[in-house]
Amino acid sequence: MTAIQLPKTYDFKSTEERVYARWEEQGYFKPANHPRKKGFDPSRKPFVISIPPPNVTGELHLGHAMFVAMEDLMIRYQRMKGVPALWVPGSDHAGIATQLKVEEDLLRTEEVTRDELGREEFLKRTWAWKEKYHAIISRQIRRLGASVDWSRERFTLDEGLSLAVREAFVRLYEKGLIYRGPRLINWSPGLRTAVSDLEVEYNEEDGLLYFFKYRIQGSDDFIPVATTRPETILADTAVAVHPQDARYQKFIGATALVPMLDRHIPVIADEYVDREFGTGALKITPGHDANDYQIGMRHKLPIISILDEAAHITKEGGPYAGMDRFAARKKIWADMRAKDLVIKTESYRQRVPRSQRGGEIIEPMISTQWFVTIQSLAQPALEAVDSGRIKIVPEYFTKVYRNWMENIQDWCISRQLWWGHRIPVWYASDGSMFCARTEEEALAQAKARFGKAVELKQDPDVLDTWFSSGLWPFSTLGWPQATPDLAYFYPTSMLETGYDILFFWVARMIMMGLEFTGQVPFHTVYLHGLVRDDQGRKMSKTLGNVIDPLEVMDKYGTDALRFTLLVGSTPGQDVNLSLDKVGANRNFANKLWNAGRFVIGALDGAPATMNAELQPTLADAWIWARAKQVMAVCQRLFETYQYGEAGRQVYDFFWSEFADWYIEIAKLQLAEGGDRALKTCDLLVRVLDICLRLLHPFTPFITEELWGHLKAASLAHPANLPTHGGQWPEALIVAPWPGPLPDEGKDEGALRDFAIFQETVRSIRNLRAEKNVKPGQKLAAMLASTDCFEMLDNQRQPLAALTQLDLDKLQITRSMEKKPDGYVGLVAGPVEIYVSLAEALDPIFERARIEKELAAARQQVQRLQKLLDSDFGQKAPDNVVEKEKARLEGFKSTARSLEEQLKNTR
RNA sequence: GGGCGAGUAGCUCAGUUGGUUAGAGCGCUUCCUUUACAAGGAAGAAGUCGUAGGUUCGAGUCCUAUCUCGCCCACCA
């Protein structure tokens, strides 16, 4: 027999790399059943996740680590259950984000702007950037252990997906759900593009509220007005007051004069105005404010734009034309002061709209953009979730989703960028539009229209990144082609992502999935929380609290990081990642390794044949019963998405039951040699095997590695120890999830007896610790118990070994007439314990100790008696009452034993 | 203004059909380098589960109110 020796320490770094490479080479990441495979069975239901495609802008962060850990866990679980599991990988071109990065990079390295470079050259550079960062990010995703099917990897700008994007656009256009027109949109002056409502963030900031006079034409009177943005005065087209406001009644219908420009604008009455706020009079700027825009529509006011693309004042701004918006603000205020139009300024806390990307202040302005009419898409999307066809975990996010869907506005989908999907619309010189899948098609349309070939120009804008991400679950499977993959794998099963992109991504996928495929894109949405630092703060560069997952993996291993993220998280709840915790989980991996080493070592030297008739010991029966329970609990928890709790269950079972108790007792059983030793090995192998399988979705690397060694050692052993399933699969990643385990029919008894055994051991250990008995010193003891006599008698050896009792001086009886002299009395449930400890014996101290324990026991008896006498006895279910009754009996017998001991102690 | 989440041991957090002595990790105290493991083992201290009511035989768990913190949505100039 060749002994298999495991290295003393687990080298996670080299193992992770080697194990992942083997998985990938062996093709384990491909679904077990798929259309291109021989013997394809379309009736087998697959489990499918589309990866939230990482941006090609940068490197791995903890958000990636989180979703990879979570989704990999789900995929591995399903794969082990025998379900054909497909995890589709890919990445996102991330329009604005990437373009920004590349622009910054070019400016820094070559000192050129994108305009100097030109569109074509800039895109070439951006593709090069994409190649570089795509390589980095996919290597890092591998590092996390993602068992994605790399052969199906997609990129949002690749040919197939671009086709899907154009198809989607054309279909919406032809249905009349896409329109183009001037609307008030959010404009990012630095990026010189429109952004959607979702891309604007509002920051609380200190600012000023400017109070000034709106002069009335033909009088010396004025209306006081307040604003936070004085430069927008230049674009005012009305002054509004509340129709019932007594102060301003007389002005309604009058003409006001715009400061500095003396433009004539009406004073109007509108319910919208809040009489309490500011001066109670409101300047109306339909060109640069969303609410004013609405009021402007109601009153058919003209719209004036005073800002250009770069937020410089336009010629509409008269003397201020060409100035920057903030410079203009200062200048106009100074000029107004000179003309006695200024009343005062007040400091004011306001919410400032800023770009989610650049951070600069967003200007609402009128601009011609493309929009998706959202109502007809939102309705089915709302219904799909309300009806339960899509289930959101945790459930409370359903409300958040509904709230947003019900108040959704048309979606501005055009961006004035270069990096992205070009809008598939071409214009003729007369301005007529042709929306088509290809330029040829557009040209053909134009020819048909004009009766001759004409030149067309494609719309220079690109689409919002989220337009293409919205198609992700089906575009990655081949849509719009009716591919076999699409037929088999779509709709997908699970969409797992952070709750921060519920609206950006999840909601849009639901709308577009229903619109284009007529089906929900996925059945379940699992939303994880955001990863924060150990104090719950958002990680940010300015705070300096960013944790780099790569460093964490270097230091503690991927498994430790994954386990921490998975076990430390509850659906929808943020995770505060502490490195202490990762360290603790690294220790867990170490514990696994060492326990594995022990089990494998135990095989070496065990006999070759086993007596099948040999009865399991108490510890054997107990650990098997517990393994069965843990497996069942895990199963239930996995099915209800309570992965963290499942991980904790296995962690605790493995460490504090299997390692702390069973292995310790197994050492004794192994020392017995013969059949007993082999039987023990068998159980060690089987329970370890089950633990490794249950843990594999959490910590794939160490479990695969250890399991491989365990398998080799078991097969090398002459007895050819099987797993509980009877055979050893080729790798843990494709091993079956532990199914129902064979029942040995005496679980209840074993669980109860072992608990008493543990309590007995703990009491004696406790005594030794309290009395400072030297570890090596063997003590004599007597144990008495009517109920547990046989059990204790059978457990003499482990009992003595675990508590350092002298086996030859360990007496076990059914009852004790009188406490022997020089012995300290203890009680562990139904067991009376007497330990020879003459030198430590102080009757006064002992009496005090026993009295204290007795008082506690009596109190429990009283409490339980009272409980059982109350309505509880009648109304609570029988099993609950029975449990309490048993408990009461336990305390009664403990009290009786203590009374005996008290009597005997003087 | 509307909505959501959280408040449990010194710290960070688990605790999903309500079951009666509330758990973990880290930290803390005492002891132990015994051939799986000191990244370890044994024993231990530590919590009126934010507050006040309510439902119930029974509430950390359900309901109402309230306080504190965090987030999301809407944007009163």
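Residue numbers begin at 1 in each chain, while the letters A, B, ... track the order of the sequences.
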Just to be sure I understand the rule, does [X] reach a base, reach only the sugar-phosphate, or reach nothing, if contact means heavy atoms closer than 4.0 Å?
| X | answer |
| --- | --- |
| A:Asp274 | base |
| A:Tyr348 | sugar-phosphate |
| A:Glu276 | nothing |
| A:Asp574 | nothing |
| A:Thr640 | nothing |
| A:Gln860 | base |
| A:Pro877 | base |
| A:Arg762 | sugar-phosphate |
| A:Arg351 | base |
| A:Ser578 | nothing |
| A:Thr279 | nothing |

So which nucleotide does [N] pair with, by the Watson-Crick or G-U wobble rule with both distances under 3.5 Å?
| N | value |
| --- | --- |
| B:G70 | B:C4 |
| B:C31 | B:G41 |
| B:G23 | B:C13 |
| B:A65 | B:U51 |

Once you round it to whole Å, what is the distance between [atom2] of [N] and [atom1] of [X]?
| X | N | atom1 | atom2 | value |
| --- | --- | --- | --- | --- |
| A:Lys875 | B:U55 | NZ | P | 13 Å |
| A:Asn585 | B:U12 | CG | P | 18 Å |
| A:Lys399 | B:G5 | NZ | P | 6 Å |
| A:Gln649 | B:G15 | CD | P | 12 Å |
| A:Ile233 | B:A77 | CD1 | P | 15 Å |
| A:Arg229 | B:C75 | CZ | P | 13 Å |
| A:Asn407 | B:G1 | CG | C1' | 13 Å |
| A:Asp197 | B:C73 | CG | P | 11 Å |

Is any side-chain nitrogen or oxygen of [X] closer than 4.0 Å to OP1 or OP2 of [N]?
| X | N | answer |
| --- | --- | --- |
| A:Tyr272 | B:C76 | yes |
| A:Asn403 | B:G2 | no |
| A:Lys581 | B:G25 | no |

Would you mind telling me which of [options] lies closest to the side-chain atoms of [X]?
| X | options | answer |
| --- | --- | --- |
| A:Lys883 | B:G19, B:A77, B:G5 | B:G19 |
| A:Thr570 | B:C73, B:A77, B:G15 | B:G15 |
| A:Gln573 | B:C76, B:C57, B:G5 | B:G5 |

Query raised in the report: At their closest point, which heavy atom of A:Phe563 faces which heavy atom of A:Phe698, and how far apart are they?
Result: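 Residues A:Phe563 and A:Phe698, closest heavy atoms: CD1-CB, 3.6 Å.
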Query raised in the report: Taking all non-hydrogen atoms of both residues, which atom of A:Val400 and which atom of A:Phe503 are closest, and how far apart?
Result: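 Taking A:Val400 first and A:Phe503 second, the nearest heavy atoms are CG1-CZ, 3.6 Å.
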Report task. Assign a letter to each nucleotide of nucleotides 31-41 of chain B from its 5' end: B, base within under 4.0 Å of a protein heavy atom; S, sugar-phosphate only; -, no contact. Result -> -S---BB-BSS
**Report entry** Check: A:Phe212 ring centroid to A:Tyr210 ring centroid under 6.0 Å
**Finding:**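 That pair fails the under 6.0 Å test.
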Report task. Would you check if the distance from the ring center of A:Tyr499 to the ring center of A:Phe397 is below 6.0 Å? Result ->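 Yes; A:Phe397 has its ring centre under 6.0 Å from that of A:Tyr499.
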Report task. Report yes or no: is the cationic atom of A:Arg765 (NZ for Lys, CZ for Arg) under 6.0 Å from the centre of the six-membered ring of A:Trp661, at an angle within 45° of the ring normal? Result ->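 A:Arg765 over A:Trp661 ring: yes.
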Would you call [X]-[Y] a salt bridge at under 4.0 Å N-O?
| X | Y | result |
| --- | --- | --- |
| A:Arg275 | A:Asp245 | no |
| A:Glu639 | A:Arg636 | no |
| A:Glu205 | A:Arg349 | no |

Query - No-hydrogen, no-angle side-chain donor-acceptor test under 3.5 Å, A:Asp292 and A:Tyr272 - result: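 Short answer, no.
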